A.B. asks: 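The structure is given below, and queries will be raised subsequently.
If you read the sequence from its start, that first residue is 1, and numbering goes on from there. Everything numeric here is computed off the predicted structure, so don't read it as measured data.
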Amino acid sequence: MKKQPTRRAALDDEKPEAFVRKHFGTVWPVHLAAFIRLLTQLRARFDGDLDLLLVLAVIGDRTRPENWSPELLNYQKMTHPGEREHLQQPINIQSVADYSGIARETVRRKVTLLQEKGWIIRDADGRLSVSRTAASDLEDATGDSIAYLAALLKAFEEAGIRNNPYDGIAT
């Protein structure tokens, strides 16, 4: 007897971009509402300064994947780190400006604010990295991001399940 594909296998067979285009009417409204909610929450957490958020996000992003310590790959460890401060490879102000499109002088001012908050560390060579204080101070913002991602995941799953020819097959 030929085994029927699981629901997950049916979803995995479709290329992600094609899936989004096919289910745009289901996914887009959820994304838009959740994204607006996330930006509004993040804007409030960053005192209305989305450039400050972007600078911190770029520093966090550009100092990660292959260079991230295993401590940062786990939500609990990321938001409640141990004693080690430098868990990523640092980045400099010019690289943040180049990547974000924000003027170098503006990035410099935002970096100063982030240092004052204790959210980034600037070493003797001017290289920047996110501090462990940022993870704990911004735990609510991380929760907001998780809620956004969860809303998207639910929309994708519902789009796939509602239109899946294998609906009702156990995963």
Side-chain angles (χ1 to χ4, degrees), residues 12 14-21 24 27-156:
D12 289 343
E14 196 167 357
K15 296 205 182 293
E17 191 172 315
F19 181 87
V20 171
R21 288 180 188 280
F24 190 79
V27 174
W28 175 254
V30 174
H31 155 70
L32 187 58
F35 188 63
I36 290 168
R37 190 169 39 257
L38 175 62
L39 279 178
T40 302
Q41 291 165 330
L42 291 174
R43 184 176 181 272
R45 296 190 194 291
F46 281 79
D47 302 321
D49 192 344
L50 290 176
D51 276 352
L52 189 67
L53 164 67
L54 182 56
V55 168
L56 181 62
V58 168
I59 294 167
D61 177 60
R62 302 311 293 174
T63 60
R64 64 141 188 96
E66 61 279 353
N67 297 323
W68 265 23
S69 161
E71 288 88 355
L72 291 177
L73 301 177
N74 172 290
Y75 172 75
Q76 182 65 27
K77 288 180 181 178
M78 184 179 84
T79 56
H80 298 92
E83 292 301 312
R84 289 184 31 209
E85 188 70 59
H86 287 285
L87 299 174
Q88 341 82 343
Q89 295 296 316
I91 187 174
N92 64 32
I93 287 176
Q94 186 62 54
S95 296
V96 173
D98 291 345
Y99 187 79
S100 68
I102 299 172
R104 186 181 187 287
E105 184 56 28
T106 301
V107 170
R108 190 196 59 73
R109 285 192 307 271
K110 301 304 177 185
V111 163
T112 299
L113 287 172
L114 291 166
Q115 284 180 276
E116 289 169 2
K117 290 178 176 286
W119 293 351
I120 63 165
I121 298 164
R122 188 172 186 176
D123 68 17
D125 295 329
R127 296 176 305 171
L128 310 167
S129 59
V130 178
S131 74
R132 65 177 182 236
T133 303
S136 57
D137 286 357
L138 296 170
E139 188 172 0
D140 288 344
T142 302
D144 297 338
S145 297
I146 289 171
Y148 166 73
L149 293 171
L152 281 182
L153 178 61
K154 184 176 179 184
F156 283 120

A.B. asks: Might you point out which heavy atoms bring Ser100 and Val58 nearest each other, and give the distance in Å?
C.D. replies: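 Smallest interatomic distance, heavy atoms only, reads CB-CG2, 4.0 Å.
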
A.B. asks: When rounded to the nearest 0.5 angstrom, what is the spacing between CH2 in Trp119 and OG in Ser129?
C.D. replies: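 It is 15.5 Å, given to the nearest 0.5 Å.
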
A.B. asks: Looking at Asp125 and Arg127, would you say the former's side chain and the latter's main chain have a donor-acceptor pair under 3.5 Å?
C.D. replies: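 Checked: no pair found.
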
A.B. asks: Distance from Lys154 atom NZ to Leu149 atom CG, nearest 0.5 Å?
C.D. replies: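 With rounding to 0.5 Å, NZ (Lys154) is 15.0 Å from CG (Leu149).
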
A.B. asks: Give me the atom names and distance for the closest heavy-atom approach of Ala134 to Val130.
C.D. replies: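 Of all heavy-atom pairs spanning Ala134 and Val130, the closest is CB-CG1, 3.6 Å.
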
A.B. asks: The test is side chain to side chain contact (heavy atoms under 4.5 Å, CB included); show your working for Asp140 and Arg45 and say whether it passes.
C.D. replies: CA-CA 9 Å; Asp140 288 344; Arg45 296 190 194 291; 3.4 Å; yes

A.B. asks: Could you pull out all residues at least two apart from Asp51 that satisfy side-chain contact (heavy atoms from CB on, under 4.5 Å)?
C.D. replies: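 With neighbours one apart ignored, the set is Asp49, Ile102, Thr106, Lys110.
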
A.B. asks: Considering non-hydrogen atoms only, spot the tightest contact between Arg62 and Ile91 and give its length.
C.D. replies: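 Closest pair (atom of Arg62, atom of Ile91, distance): CB-CD1, 3.3 Å.
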
A.B. asks: Measure the spacing between CZ of Arg132 and CD1 of Ile121 and express it to the nearest 0.5 Å.
C.D. replies: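 Going from the CZ atom of Arg132 to the CD1 atom of Ile121 covers 8.0 Å.
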
A.B. asks: Please name the residue in the list Thr133, Thr112, Leu56 that meets the side-chain contact (heavy atoms from CB on, under 4.5 Å) test with Ile120.
C.D. replies: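 Among Thr133, Thr112, Leu56, the one that satisfies the side-chain contact (heavy atoms from CB on, under 4.5 Å) with Ile120 is Leu56.
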
A.B. asks: Working to the nearest 0.5 Å, report the span between CZ of Phe46 and CG of Leu54.
C.D. replies: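 One finds 10.0 Å between CZ of Phe46 and CG of Leu54.
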
A.B. asks: Sequence neighbours excluded, which residues qualify as side-chain contact (heavy atoms from CB on, under 4.5 Å) partners of Leu38?
C.D. replies: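 Leu38 satisfies side-chain contact (heavy atoms from CB on, under 4.5 Å) with Leu42, Asp144, Ser145, Tyr148 once adjacent residues are dropped.
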
A.B. asks: When the ring planes of His31 and Trp28 are compared, do they come out parallel, tilted or perpendicular, using 30° and 60° as the limits?
C.D. replies: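 His31 and Trp28: tilted rings.
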
A.B. asks: Test side chain to side chain contact (heavy atoms under 4.5 Å, CB included) on Tyr99 and Asp61 and set out the steps.
C.D. replies: CA-CA 11 Å; Tyr99 187 79; Asp61 177 60; 3.9 Å; yes

A.B. asks: Name all residues meeting the side-chain contact (heavy atoms from CB on, under 4.5 Å) criterion together with Val27; count only those two or more places apart in sequence or in a different chain, and write none if there are none.
C.D. replies: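 Partners of Val27 by the side-chain contact (heavy atoms from CB on, under 4.5 Å) criterion, ordered by chain and then number, come out as His23, Phe156, Ala159.
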
A.B. asks: Once rounded to the nearest 0.5 Å, what's the spacing between atom CG of Asn92 and atom CG of Leu128?
C.D. replies: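 Asn92 CG to Leu128 CG: 7.0 Å, rounded to 0.5 Å.
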
A.B. asks: Return the minimal non-hydrogen interatomic distance between Ala103 and Ala97, and the atom names on each side.
C.D. replies: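 Smallest interatomic distance, heavy atoms only, reads C-CB, 4.4 Å.
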
A.B. asks: Quick check on Glu105: does its CD atom have over 12 non-hydrogen neighbours (other residues, nucleotides or ligands) under 6.0 Å away?
C.D. replies: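 Yes, CD of Glu105 has more than 12 neighbouring heavy atoms, counting only those of other groups under 6.0 Å.
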
A.B. asks: Do Ser131 side-chain atoms and Gly118 backbone N/O form a donor-acceptor pair below 3.5 Å?
C.D. replies: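 Checked: pair present.
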
